[in-house]
Every structure is written in structure tokens, then in C-alpha cells.
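Bear in mind the structure is a predicted one, so any value in this text is a computation, not a measurement. Just so you know, ligand 1 is whichever comes first in the structure, and atom 1 is the first atom listed for that ligand.
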Amino acid sequence: MAPTQGPRAPLEFGGPLGAAALLLLLPATMFHLLLAARSGPARLLGPPASLPGLEVLWSPRALLLWLAWLGLQAALYLLPARKVAEGQELKDKSRLRYPINGFQALVLTALLVGLGMSAGLPLGALPEMLLPLAFVATLTAFIFSLFLYMKAQVAPVSALAPGGNSGNPIYDFFLGRELNPRICFFDFKYFCELRPGLIGWVLINLALLMKEAELRGSPSLAMWLVNGFQLLYVGDALWHEAVLTTMDITHDGFGFMLAFGDMAWVPFTYSLQAQFLLHHPQPLGLPMASVICLINATGYYIFRGANSQKNTFRKNPSDPRVAGLETISTATGRKLLVSGWWGMVRHPNYLGDLIMALAWSLPCGVSHLLPYFYLLYFTALLVHREARDERQCLQKYGLAWQEYCRRVPYRIMPYIY
Ligand SMILES: NC(=O)C1=CN([C@@H]2O[C@H](COP(=O)(O)OP(=O)(O)OC[C@H]3O[C@@H](n4cnc5c(N)ncnc54)[C@H](OP(=O)(O)O)[C@@H]3O)[C@@H](O)[C@H]2O)C=CC1
Ligand SMILES: CC(C)=CCC[C@@H](C)[C@H]1CC=C2C3=C(CC[C@@]21C)[C@@]1(C)CC[C@H](O)C(C)(C)[C@@H]1CC3
């Protein structure tokens with residue numbers, strides 16, 4: 001009998017029906033986007049021009065490439081780390097340890113790819129393999145989530161996530177049952193959240209840039225901007241590696257949602273703008289490019305400022321960079337910031353992230369809605385995520401959270417939301 005938890009957590013994502021729909025809808029959306037980006041009309045809404053057969057999707061070469069990629073990233077994860085960080089306190093009062101070597105993995109991957117290219121590795125051939133690669137990544141995510149679901153059957157109750165243990169197999173498969181599934185020091189969720197998908201995303205972007213150079217003599221300014229902005233975002237994530245306090249690590253189980261999200265959704269849909277630009281080149285002048293760079297820099301400044309301020313405060317509230325900020329005390333002994341970035345709105349980091357999302361789409365012009373998919377999806381994701389986080393914070397901090405909401409009334413966008 002599978003272990004379940006005592007009091008049931010409220011069901012999220014529309015319960016079992018919502019989870020079943022998302023199980024189908026997420027991969028279907030990803031394939032729709034991949035097909036639409038390469039089609040002439042590049043329509044976000046409306047059916048794709050043609051549906052690929054299994055002979056287009058299935059490729060043993062893509063499977064080998066994908067497994068080699070996962071193997072390489074796993075090997076880089078196991079290399080000695082410059083630092084080992086401790087996670088949040090768990091239910092059994094223990095803390096897990098995590099290697100901090102994500103940026104090292106990015107640099108070593110870049111070196112290996114560079115060496116490979118100088119030895120004749122045809123990176124420009126990768127765009128042709130996106131469909132079969134996305135197919136094997138999706139298959140891997142399904143099989144891996146099944147393994148995680150089975151693994152949770154034998155996990156102690158203290159290792160289970162607060163949600164994802166409803167007893168409904170579809171819902172639990174989707175949300176994930178075990179909080180931090182590991183084999184020895186290898187933490188599956190932490191590995192997947194930052195390595196194969198994020199690094200894969202910038203590699204796909206680079207391959208699209210190379211392909212554009214092959215086709216048109218040189219990469220377009222729009223392609224340079226999209227590559228540069230997204231490389232900054234991924235480099236920042238791997239440099240700071242500050243995911244140990246995110247909801248994904250501390251609250252959500254590891255199931256299909258995150259396995260598919262990390263391994264398939266991120267690399268193949270987050271690279272949509274570069275995919276679109278390869279097939280639909282867009283003119284971009286220097287003045288407009290400068291405005292877009294300014295928008296990205298503003299978003300990044302807010303995103304990094306807000307995340308660093310909270311992380312510094314959570315690590316050491318007496319750090320001189322945050323010691324002067326106004327706070328509210330809570331019954332748990334932890335404090336909430338009410339000035340600085342966190343006094344402007346309740347999720348300033350989401351605001352910065354959304355501004356960057358806009359800057360990533362603008363180089364693609366305004367003739368098509370497709371490259372704005374990321375902005376639309378991300379707005380929905382963050383609005384939903386913000387509501388989930390608020391529920392959890394209200395539960396954790398009670399009256400102090402209500403006081404925070406009174407003092408800082410806007411959630412993400414000052415005076416709007
Ligand atoms: N590109 C992508 O696809 C995605 C990007 N992101 C990004 O990831 C980053 C992390 O996001 P996420 O994990 O959702 O959430 P946050 O980093 O915003 O973390 C929320 C937590 O911060 C703490 N907190 C909230 N308010 C305060 C305050 N006033 N003072 C001190 N602590 C506070 C609470 O935890 P506690 O009190 O327990 O510390 C709360 O649960 C964001 O920048 C987001 O934009 C997120 C999802 C997807
Ligand atoms: C629709 C779908 C499949 C949902 C799954 C959501 C995931 C794609 C995202 C949930 C939280 C994420 C984070 C990042 C990437 C996307 C996912 C996995 C992140 C690693 C991106 C880089 C940032 O700097 C970050 C480290 C703050 C961020 C953490 C959350």
C-alpha cells in the first residue's frame with residue numbers, strides 16, 4: 001500500500017481532471033509550438049499545417065544524443081563542487097546537502113561544445129532534430145516520472161511532499177509524491193531544475209544562431225539579442241544557483257509536471273523566439289535594439305535585486321546590505337521584509353522576470369503572436385504561482401502575512417495587480 005499523508009492538502013491544478021488534461025495538453029502545446037515556428041504562417045492559434053508521423057518524431061540518433069546529453073550533465077553534476085550548500089530544514093529536522101557547481105557545468109559544457117565544433121561537430125544540424133529530440137525528451141519525462149512514482153511507494157512518509165499524495169494516481173503522478181527523491185548524493189529534482197534543460201535551452205539557441213549564419217551569411221541582430229538575453233538569464237541562474245528556497249524544491253513533489261517542465265518544456269519552448277527567427281527573419285534597427293536592451297536591463301535589475309535581497313536576508317538578516325530594511329516579525333521567528341524591493345510589491349522578482357520576458361519577444365517584431373507565447377504563458381504561470389505562494393505564506397505566517405498584505409497591497413505590478 002502506498003504511503004499517504006495525514007490531513008489532505010487541498011487539490012491544486014484543477015484536481016485529477018485538471019492534472020489529466022495537463023498531462024496531454026502540455027506535450028501537445030510544445031509540439032504545436034515547434035511545428036508552428038517552422039511553418040509559413042507561424043500561427044499561435046489554429047491548427048498546424050500538418051501533423052508529423054511517427055517516422056518524423058522517432059529517431060534512434062536523437063535518442064542516443066539525448067541520453068548522451070543527460071549522461072554528460074549527470075557526470076558534470078558529480079564533479080567536485082566549489083561549495084556544498086544546505087537546503088531548508090525538512091520535516092524530520094534534517095537538511096539535505098547540494099553541490100554548487102552549476103556554473104562550472106555550464107562553462108565545461110561550453111568548452112566541450114567549442115572543442116567539438118572546432119573538430120567539425122555540425123551544431124547547425126541540431127535545429128533539424130528538434131522534433132525528434134523533443135519527442136524523446138517527452139518520452140524520458142514520462143518514463144522517469146513513472147520511476148519517481150514507484151520510488152515514492154517505498155519512501156518514508158516524512159519524505160513525501162505536502163501535495164501530490166492525494167491517493168489519486170493521475171493527480172499524484174502529475175504533481176509528484178516525493179519531495180526530494182535522491183539516490184545517494186544525486187538529487188534528481190535539483191539536477192533536473194538547473195542542468196539538462198536550462199543548459200540545453202542555450203545550446204539550442206546557439207545552434208539556431210549558427211544555422212542562421214549558415215543560411216544568411218551572418219546571424220541577425222534580433223537573433224543576437226535573443227541569444228544574449230537568454231544566456232544572461234541562464235548564466236545568472238547557474239551562477240547564483242539559488243533554487244533551494246524556491247517552491248519547487250521546498251514544497252512541490254517531483255513528478256511529471258517538473259520532470260517534463262525541466263527536461264522538455266524549458267529547452268524546447270523557451271527557445272521559441274530563436275526558432276521563430278530562424279524561419280521568419282525580422283528586421284531590427286539599432287535604435288529599437290537599444291530600447292529592447294534597456295527593457296531587458298531594467299527587468300534583470302529588478303529580478304536580480306529582488307531575489308538577491310531576499311536571499312541575503314534569509315541567509316543573514318544582519319548582513320549590512322539588508323540590516324537597515326524595515327521588517328514585520330512573525331510567530332515563526334522569521335521576519336518579512338516590508339521595505340526595499342519587497343516593499344514595492346509582494347513579488348518584485350516576478351515583475352522583473354516578466355519585463356525580461358517582454359524584452360525576449362520584442363526582437364521578433366509585432367507581425368506574429370507566436371513569439372509572444374512565452375510572455376503570455378509566463379504571465380499565467382506567475383499569476384497562478386503567486387496565488388499558490390500567498391496561500392502557503394498565509395498558512396505559515398497568519399496575521400503577520402495579512403499585515404504584510406495590508407502594508408504592501410499590490411502583488412506583482414504596482415497600482416495594477
Ligand atoms: N523562468 C521560469 O520559468 C520561472 C521563473 N521563476 C522565477 O523564480 C524565482 C523564484 O520564484 P518562486 O520560488 O516562485 O518564489 P519567491 O522567490 O518569490 O519565493 C517566495 C517565498 O519568499 C518568501 N517571502 C515572500 N515575501 C517575503 C518578504 N516580504 N520578505 C521575506 N521573504 C519573503 C516566502 O518564503 P519564506 O518566508 O519561507 O522564506 C515565500 O514563500 C522568481 O524570480 C521567479 O520569477 C519562477 C517560476 C518559473
Ligand atoms: C508548464 C509547465 C510544464 C510547468 C512547469 C514549470 C517549470 C517549467 C518551471 C517551474 C519553476 C521553474 C524555475 C525555473 C525554470 C522553469 C521552472 C522549472 C528557473 C530554474 C529559471 C531560471 C531562474 O533564474 C530560476 C533559477 C529562479 C528559476 C527557478 C524556477
Side-chain angles (χ1 to χ4, degrees), residues 13 22-23 25-27 29-30 88-89 102 138 141 174-176 189-190 192-195 197-198 201 230 232-252 255-270 299-300 302-315 317 322 325-328 330 332 334-357 360 374 377-378 380-382 384-386 388-397 400-401 403-405 407-408 411-412:
F13 297 95
L22 285 169
L23 272 174
L25 210 65
L26 289 173
T29 306
M30 182 182 76
Q88 305 269 86
E89 192 176 274
T138 307
F174 179 76
L175 230 69
K189 194 175 14 164
Y190 179 67
C192 288
E193 179 110 349
L194 285 175
R195 313 298 176 95
L198 276 193
W201 169 20
Q230 298 184 349
L232 170 71
Y233 189 68
V234 169
D236 172 275
L238 290 160
W239 178 259
H240 292 279
E241 234 167 322
V243 287
L244 297 180
T245 52
T246 62
M247 188 191 292
D248 314 85
I249 302 287
T250 61
H251 183 268
D252 291 339
F256 181 79
M257 179 177 79
L258 280 179
F260 174 77
D262 292 340
M263 289 199 287
W265 184 262
V266 167
F268 297 103
T269 64
Y270 284 26
Y300 181 70
I302 300 176
F303 167 83
R304 181 52 26 232
N307 277 326
S308 292
Q309 195 167 70
K310 177 166 70 75
N311 292 339
T312 308
F313 181 71
R314 279 285 173 253
K315 253 190 235 148
V322 290
L325 294 173
E326 211 184 326
T327 58
I328 300 180
T330 76
T332 64
R334 295 183 120 196
K335 290 184 173 170
L336 291 168
L337 290 165
V338 268
S339 66
W341 288 114
W342 298 80
M344 185 174 83
V345 283
R346 300 205 291 272
H347 274 92
N349 48 354
Y350 290 4
L351 175 63
D353 225 336
L354 283 168
I355 295 174
M356 280 191 283
W360 299 353
Y374 179 73
Y377 138 82
F378 199 43
L381 179 116
L382 290 184
H384 180 246
R385 199 172 165 95
E386 198 276 338
R388 290 180 77 208
D389 189 50
E390 293 254 327
R391 250 195 327 272
Q392 288 163 26
C393 286
L394 185 61
Q395 220 170 30
K396 248 187 303 190
Y397 300 125
W401 186 258
E403 167 67 5
Y404 178 48
C405 295
R407 301 259 307 261
V408 184
R411 294 165 189 261
I412 300 179

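For ligand 2 and V243, the ligand atoms under 4.0 Å from any heavy atom of the residue are 26 (C). The distance from ligand 2 to the heavy atoms of Y233 drops below 4.0 Å at these ligand atoms: 21 (C), 22 (C), 23 (C). Atoms of ligand 2 lying under 4.0 Å from any heavy atom of A237, numbered from 1 in the order shown and given with element: 22 (C), 24 (O), 26 (C).
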Handout entry: Test log, rule side-chain contact (heavy atoms from CB on, under 4.5 Å), inputs E241 and Y190
Key = CA-CA 10 Å; E241 234 167 322; Y190 179 67; 2.9 Å; yes

Exercise for the section: In sequence, state the C-alpha distance, the side-chain angles, and the governing distance for Y377 and W265, and then conclude on ring pair (Phe, Tyr, Trp, His ring centres under 6.0 Å). Expected result: CA-CA 12 Å; Y377 138 82; W265 184 262; 5.3 Å; yes

Practice task
Please assess H240 against N307 for the test side-chain contact (heavy atoms from CB on, under 4.5 Å), listing each intermediate value before the final yes or no.
Solution key: CA-CA 10 Å; H240 292 279; N307 277 326; over 6 Å; no

Practice task
Before giving the answer on side-chain contact (heavy atoms from CB on, under 4.5 Å), spell out for K310 and V322 the whole-Å C-alpha distance, their side-chain angles and the decisive distance to 0.1 Å.
Solution key: CA-CA 9 Å; K310 177 166 70 75; V322 290; over 6 Å; no

Exercise for the section: Start with the C-alpha distance between D252 and M257, add both sets of side-chain angles, then the distance that settles side-chain contact (heavy atoms from CB on, under 4.5 Å), and finish with yes or no. Expected result: CA-CA 10 Å; D252 291 339; M257 179 177 79; 4.2 Å; yes

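Distance from atom 30 (C) of ligand 2 to its nearest protein heavy atom, with residue and atom name: E193 OE2, 3.4 Å. With hydrogens left out, the protein atom closest to atom 5 (C) of ligand 2 is M257 O, 3.8 Å, a heavy atom. Atom 17 (C) of ligand 2 has D262 OD1, 4.5 Å as its closest protein atom, hydrogens excluded (heavy atom only). Annotation: atom 11 (C) of ligand 2 to nearest protein heavy atom, D248 OD2, 3.2 Å. The nearest heavy-atom contact from the protein to atom 6 (C) of ligand 2 is L381 CD1, 4.1 Å.
Contact shell of ligand 1 (protein heavy atoms, cutoff 4.0 Å): Y233, T246, M247, Y270, F303, N307, K310, R314, R334, L336, L337, W342, H347, N349, Y350, D353, Y374, F378, L381, R385, D389, C393, K396, Y397, W401, Y404.
Between L194, V266, L26, it is V266 that holds the heavy atom closest to atom 16 (C) of ligand 2.
Counting heavy atoms under 4.0 Å from ligand 2, residue F303 touches it through the side chain alone.
Residue contacts with ligand 2 include R385, since one or more of its heavy atoms lies under 4.0 Å from the ligand.
In this structure, atom 25 (C) of ligand 2 has its sub-4.0 angstrom surroundings free of protein heavy atoms. Distances from atom 13 (C) of ligand 2 to the protein include at least one heavy-atom value under 4.0 Å. For atom 19 (C) of ligand 2, no protein heavy-atom neighbour is present inside the 4.0 Å cut-off.
The pair D236-R304 meets the salt-bridge criterion, since a charged nitrogen lies less than 4.0 angstrom from a carboxylate oxygen. By the 4.0 Å N-to-carboxylate-O rule, E386 lies too far from R391 to be salt-bridged with it.
Contact check for I328 versus K335: no side-chain heavy atoms found under the 4.5 Å cut-off.
Within the 6.0 Å centre-distance limit, the rings of W360 and Y233 are counted as a close aromatic pair.
Looking at W201 and Q230, their side chains do bring a donor and an acceptor atom within 3.5 Å of each other. Looking only at atom types and distance, the side chain of R334 has no donor-acceptor partner in the side chain of T330 under 3.5 Å away.
Annotation: the span from L336 atom CG to W342 atom CH2 amounts to 10.0 Å, rounded to 0.5 Å.
For D389, there are no salt bridge (charged side-chain N to carboxylate O under 4.0 Å, His left out) partners, not counting sequence neighbours.
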